[in-house]
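Whatever order the structure lists ligands and atoms in, that order sets their numbers, starting from 1. What you are looking at is a predicted structure, and each value in this text was computed from that prediction instead of being measured. Just the heavy atoms: all of them, side chains too, but no hydrogens, waters or symmetry mates, feed the values below.
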Amino acid sequence: MERIPIAGPWITKKEIDYVTAAVTRCWYQNANLYHDRFEKAFAEYLGVRYAVALPSCTSAIHLSLLALNIKPGDEVIVPEATWIASAAPVSYVGATPVFADIDPQSWCISEETFAACITPKTRAIIPVDLYGGLPDMVAICAHARHHGVAVIEDAAEAIGSELRGKKAGSFGDTGVFSFHGSKTLTTGEGGMLVTDREDIFQRVLFLRDHGRQLGNKMFWNTEVAHKYKMSSLQAALGLAQLERIDELISHKREIFGWYRAEAAHLEGVTWNYEAPGTKNTYWMNTAIVDKKFGFSKETLIKLMGDKNIDCRPFFYPLSSLPAYRNLEEAQRAQQRNRVAYEISPYGINVPSALSLDKEKVKYVCGTLENILLEKR
Ligand SMILES: Cc1ncc(COP(=O)(O)O)c(C=O)c1O
């Protein structure tokens, strides 16, 4: 059997046609043709006023922090369980990341774990919609507003997820998305920043284009800033994918349904949670394996790999990473964040590519069961 990949896109003739059109026509005065369409369609899909296409979600978080004027001495709360890209831009602007614990069901930050980390220095929170699941963003935003804390919703992994009919990424001062090759909607590499705030939108446009104002004289920079632009080819690919987003998400949900059905009888394995009132788009199908089985995630990944199945570890708590070994906050977080430290060692992402079919999911579940029950 061919190796089953962890992730991968669903590309059709539509994507190939759009990218071909972009590479043929989108130069010089036509260079932004697909950006304009992609951004407008994305904002409409999310139900927000503005969307800015960027080279990555990391750059979208960076620009959000800059536009919100986060500075050295400020603290920004980030969940323990996420990719380092959620937190790294906090260091880019010289602020301090404060790692909050996660909820045992949603695996996301909660209002309570957020509240436990607030200090007079807290300026922003970056809640993450982990693996496509959502925390209670309404409660988090209300709590943030009460404390004068800005919200950057990291919806990198959650395009199309919803809470009470409202789309992931549309809750905070800004929302950010990733279109990395592994994501449900991909442009190879790419990202999007969305906001309803005119001031943030204008500031982001300025900061991502070397500090020049649209309409100013040419090559006239008023601040030293950044070069964060998406290419036309990526924007064309993104637009084609966005026009197929319902189909992509339905298939993601179908794949998760297969996992649930195939693994339903397997006791001691906990899968992604869909809280009442939310729609999870299951970017990464994830299994937390009870420690009674005696397998660490690293061992499980190795054993699944031996059977041609690619898996990935549940994110390591950020405060445990060598990257943060000199950060005092990380040491405090290691003591405080019990749930993240309990769950992370036993979690694996299982294959979640859009190319999966039912037979492969059956094979993955059967293999996991054999390993756990030591029927190797
Ligand atoms: C939660 C989260 N935030 C941010 C990012 C960064 O996205 P990008 O690779 O587009 O910069 C990722 C990417 O995997 C992610 O999963």
Side-chain angles (χ1 to χ4, degrees), residues 5-9 38 42 51-66 76-93 97 99-100 102-103 106-109 124-135 137 140 151-161 168-169 171-172 174-194 204 208 226-231 234-235 237-238 241-242 252 272 280-286 310 312-318 321 323 340 344 347-349 352-353:
I6 184 77
F38 185 31
F42 200 90
V52 184
L54 296 167
S56 63
C57 181
T58 308
S59 58
I61 299 172
H62 188 192
L63 288 178
S64 297
L65 292 164
L66 289 171
V76 178
I77 297 174
V78 186
E80 274 280 18
T82 181
W83 177 226
I84 195 170
S86 305
V90 176
S91 303
Y92 301 170
V93 301
F99 306 116
I102 54 169
D103 174 81
S106 72
W107 309 328
C108 299
I109 203 166
I125 173 173
I126 308 180
V128 176
D129 304 327
L130 199 77
Y131 304 140
L134 256 76
M137 282 304 298
I140 288 172
V151 178
I152 299 166
E153 185 185 356
D154 184 346
E157 304 175 353
I159 187 160
S161 296
F171 288 89
T174 69
V176 295
F177 292 85
S178 171
F179 308 134
H180 174 260
S182 64
K183 297 299 188 292
T184 305
L185 184 164
T186 187
T187 60
E189 293 280 0
M192 191 75 83
L193 184 155
V194 301
V204 164
R208 69 96 176 247
H226 301 272
K227 167 68 192 293
Y228 281 157
K229 284 198 80 177
M230 178 182 262
S231 78
Q234 291 167 307
L237 179 51
Q241 289 257 282
L242 185 59
K252 278 295 214 184
N272 311 57
N280 191 329
T281 49
Y282 304 113
W283 170 59
M284 275 285 160
N285 302 293
T286 302
D310 269 343
R312 283 187 186 171
F314 190 95
F315 290 118
Y316 292 92
L318 290 178
L321 295 178
S344 171
I348 58 168
N349 304 132
S352 302

- Message: If the condition is side chain to side chain donor-acceptor pair (under 3.5 Å), which residues does Y92 pass it with, not counting sequence neighbours?
- Response: none
- Message: Which protein residues come within less than 4.0 angstrom of ligand 1, counting heavy atoms only?
- Response: S56, C57, T58, T82, W83, A85, S86, V128, D154, A156, E157, S178, K183, G190
- Note on the structure: In this structure, SG of C108 is separated from CG of L130 (nearest 0.5 Å) by 5.5 Å
- Would you please name every residue forming a side chain to side chain donor-acceptor pair (under 3.5 Å) with T184, sequence neighbours left out? none
- Note on the structure: Residues at least two apart in sequence or cross-chain that pass side chain to side chain donor-acceptor pair (under 3.5 Å) with N349, listed by chain then number, are T286
- Give a yes or no on whether the backbone of A340 and the side-chain of W107 come within a donor-acceptor separation of less than 3.5 Å. no
- Message: When you measure from the side chain of K252 to the backbone of M284, do you find a donor-acceptor pair of N or O atoms at a distance under 3.5 Å?
- Response: no
